[in-house]
Amino acid sequence: MPVRVPARRSAGDVLAGLGALVVLVALVGGAPYALLTFVGPPIAPELLDLEVLTSRVGPSTIVAVLVLLVWLAWFQLFLCVLVEVYAGVRRVGMPARVPLSGGMQVLANKLVSAVLLLFTAGAMVAPAAQLSPTPAAPPVTAVAYSAPIVEQEQELETRKTKKVYVVQPPHGRHHESLWEIAEKCLGDGRRYPEIYRLNQAKEQPDGTRLRMADLIRPGWVLDMPDDARNAHVVPVGQPRDQTLREHPGRADAGTAQRADRADRQEREERQERQERGARETREERRTPGHEGKHRQAEPSVRDDRQPVVQERQGELTDYLAAASLAAAGLLFVLARRRREQLWRRLSGRRIARPRDDAAQAEVALRLGGDAPGARILDVGLRLLGAELAAQHRTPPTVYGAHLSPRTLDLWIHPPDNDPPAPWTAQDGGQIWRLPAHEGRLLPDLRGESGRGHAGGAPYPGLVSIGTDAGGRVLIDLEAAQGLINVRGPQTTAALAAIAVELATNRWSDRMRITLVGFGQELTAIAPERIRAVGGLAEVLPELEANAAPRREVLTGRVSGGHSVAHYLLSAVAPTHDEARRLALLARRDTAGYVVAGEVPHATWTMEIGDDGRARIAELGFEVEAQLLPRRHYRALVDLFRTTDRFDGEAIPEAEPLAGLNPPAVEIRLLGPLEIAGLRPLEEGRMELAAELLVYLATHPGGVHPAVLGGVLWPRGVQTTVRDATISRVAEWLGPDHLLTDEAGRLRLGPEVRTDWALFRELVRRSHGDPTAGAVLLEKALGLVRGPLIAGRPPGRYAWLAAEDLEYDVSAGVADAAHQLCELRLAHGQPDAAVAAVRAGLLLAADDEGLWRDLLRATHATEDIVRLRAVIEGLTRRAASHPYGGGMAPETEALIEELLPTWRMHVVRESSA
């Protein structure tokens, strides 16, 4: 039978409510009555006489003005009361703000809240007596924002039990997340913010607290909503460590564990099927030109009945390689970090290289990185901003962009038919277009002072949301001038992808990215740009204090100003108050605000479906979403963490060669790729065949054809195509040069050798022969003709990222050059020492230790002019290096020691 819940109001609450009601009636009704009775109407006859503006003001006029002010004050109070009553009765959340009435609205808020509290309890009790089933928890009303709901608080205090969930240890690579727990216990992963709010900042058994929605640890005891399933029921006041001792496993350890394993297996299988389907869909949507780009050596007739080889890099390639602009930015930052690693490399050790998923992540980045496209965006936008600044024009609002192999299109508002050259107007000025061939010819004048084109970055908030049939679609986070709402089961993956591209793109200068409730690990990629916080309350006051008008910021950017672009990405749904404050902030600030959850009144809403499609109805965009799931950004984080290791790794010993006689076929890697001893193949087949030979030559233990297919065709290939290519290479090599062992692995015969193998053998022999050591090292360095496999085609040799070869070759050549330099200097041959170092610099140009060897060797020649020329060349190289960073401190210190006046000379040359 239904039970009527007694109201829980204290006598003090009733008295306060009655008193507030009396005061409200007196102020709203009594005040105007008293004014009309004893003073008169708001506007006295004296104020209606226009001559009062020019005549002398008498006492009656002053009294009339004062009366008008009193009436205005009452009217302002009346408006505040109306706003507060409307917010409380209609339950619209935070009341609207009445202009210029801060203190008066606070008074109205307190009075109305106290009065509404008189009637709230009755309103909450009456429905309970009419419903037969147990009622659900009532929705939060506007009273929650005006005054505490005493009834709900006291009800929570009297509750005897609660539901909790114990976070389980990882199973293999699988770690539990709040999304998965919400899906398992609440039936909907999108309800994870409820669990987050219940446990935010509460101390756990290990002494830590929940700060980020995506950072939970095994052994934590999480409070759960009342309707949770698969949870433990414990006393409400029981400590968490006691709960963990009594319930170390999942609820119903026997049956529930088996069910959970079966559910997880089913989910993983379903996810794998969805991902496979998405990959097949992407393959089907691929244009003929794109297909031919990756399979230019395949037969012209394709047998669709043949299965596609699945030995690929897996989903890391599917997601990371597809994010072409983000991949280009990540590779740029990675190369800059590796250059700093080389500054501190110790002789005899190579820099630390990534492993496992981190290495495969770099392979995927190399496969998909679109450096030319990123450059067109960077240079084209900077040129556009500089030209507009020269014409004293404010840049238009760019709400979206489309980058294809042929053009870069900007969708602007309002339309403008007069873009600066080489941009052209399309569709009545709604689109500004830069042809790709024009963009590739634009000079990169970034950072050159005094040049007209070296302006700032006008649109740093442009970021990819995905791809359509023609290319990559970007939106400008600042152009929304309001909140951007992201919804769907893959919200955090979309936010992570946006964060990574923002943090590494080239078309921005100074930037801050605040991640709320996720992505603390992403700070490893760009610590100077990314910060992570647990909740919006931590950053809202700072954002409100630093808001800047959009027009001023845009003008400052194109004029070369140093304004800091700021973007907030929140995986935690905001409360009503936070959403209101963010919406107000976004309307008057240049920053971009992207928030998850159900956020009403958002300017743009990006819906991400289960099929991986992203839709922004307000802009008419529908794309294949750019996503960065948890495994992928963890792989990226691990990749970048290897660049923080300066201890390096030992270089493995080389297998001795049987002899130094010239081989029948020599594969030359230490410079542009050359294959000596074979006839040239027809055009279009040489690149793939040469890469196949290089891979086999650097894996003397043998390679299975299936593995070889996954390496050379990371996006998949038909078995017939793979086998035909191997057969063609075997025929090209001739008999006895391509062998197959009992396990089916392919390897090259003993008469096929690389120049790198010969290099290592010469260096190895130099160590055991002190008298002939210098000659052997000189012969080894004579094999070096340039960077490793210089001029390799785009998209080829991405597998090098997961191999030792690049790291071993760079360190081995640099160490050999250093040893030969030391030997020549010890024998008083500085010119020969200089030649040895320059030979090493042909391949290991970023090894700062070699540049210091060159400085010491040149100084030993006692030719100051020559030394100054080396220093000037090194200074120019450091200033214009594509990865930036200047010179290593040790190099600058050595220059100061060898030529103390070099800085003065550089300053004089610059001023001249």
Side-chain angles (χ1 to χ4, degrees), residues 4-44 47 60 62-129 138-157 544 575-581 584:
R4 184 179 180 87
V5 181
R8 297 182 177 89
R9 275 186 312 224
S10 65
D13 295 331
V14 174
L15 290 176
L18 292 174
L21 180 60
V22 171
V23 173
L24 272 179
V25 171
L27 289 175
V28 175
Y33 176 79
L35 287 172
L36 287 172
T37 303
F38 301 106
V39 179
I43 301 179
L47 298 181
S60 61
I62 295 176
V63 170
V65 171
L66 293 176
V67 169
L68 177 60
L69 293 177
V70 173
W71 272 106
L72 290 176
W74 171 84
F75 184 68
Q76 188 179 41
L77 174 64
F78 180 71
L79 288 179
C80 292
V81 171
L82 282 181
V83 168
E84 295 294 329
V85 171
Y86 177 82
V89 173
R90 297 298 300 274
R91 305 178 181 181
V92 297
M94 279 298 295
R97 294 299 174 196
V98 179
L100 305 175
S101 59
M104 193 169 292
Q105 188 163 6
V106 171
L107 172 63
N109 177 274
K110 293 181 178 179
L111 293 174
V112 172
S113 299
V115 173
L116 289 178
L117 193 58
L118 278 175
F119 307 101
T120 303
M124 293 174 66
V125 170
V140 178
T141 67
V143 181
Y145 303 104
S146 304
I149 300 179
V150 179
E151 294 77 12
Q152 289 185 358
E153 292 182 352
Q154 293 179 354
E155 182 182 355
L156 288 174
E157 291 174 0
E544 291 168 335
T575 64
H576 289 291
D577 181 41
E578 291 168 343
R580 181 189 63 81
R581 291 170 66 184
L584 291 174

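Sequence positions, counted from 1, serve as the residue numbers for this chain.
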>> side chain to side chain contact (heavy atoms under 4.5 Å, CB included), that's the test. Do Leu584 and Arg581 meet it? Break it down for me.
In response: CA-CA 5 Å; Leu584 291 174; Arg581 291 170 66 184; 5.8 Å; no
> Does Trp74 reach the main-chain N or O of Ala31 with its side chain, forming a donor-acceptor pair under 3.5 Å?
Replying inline: no
> Do Val81 and Leu111 pass the side chain to side chain contact (heavy atoms under 4.5 Å, CB included) test, and can you show the C-alpha distance, the side-chain angles, and the key distance before you say yes or no?
Replying inline: CA-CA 9 Å; Val81 171; Leu111 293 174; over 6 Å; no
>> Under the criterion side chain to side chain contact (heavy atoms under 4.5 Å, CB included), I'd like the reasoning laid out for Leu77 against Leu27: C-alpha separation, chi angles, the key distance, then a yes or no.
In response: CA-CA 8 Å; Leu77 174 64; Leu27 289 175; 3.8 Å; yes
>> How long is the straight-line distance from CZ of Phe78 back to CH2 of Trp71, given to the nearest 0.5 Å?
In response: 11.5 Å
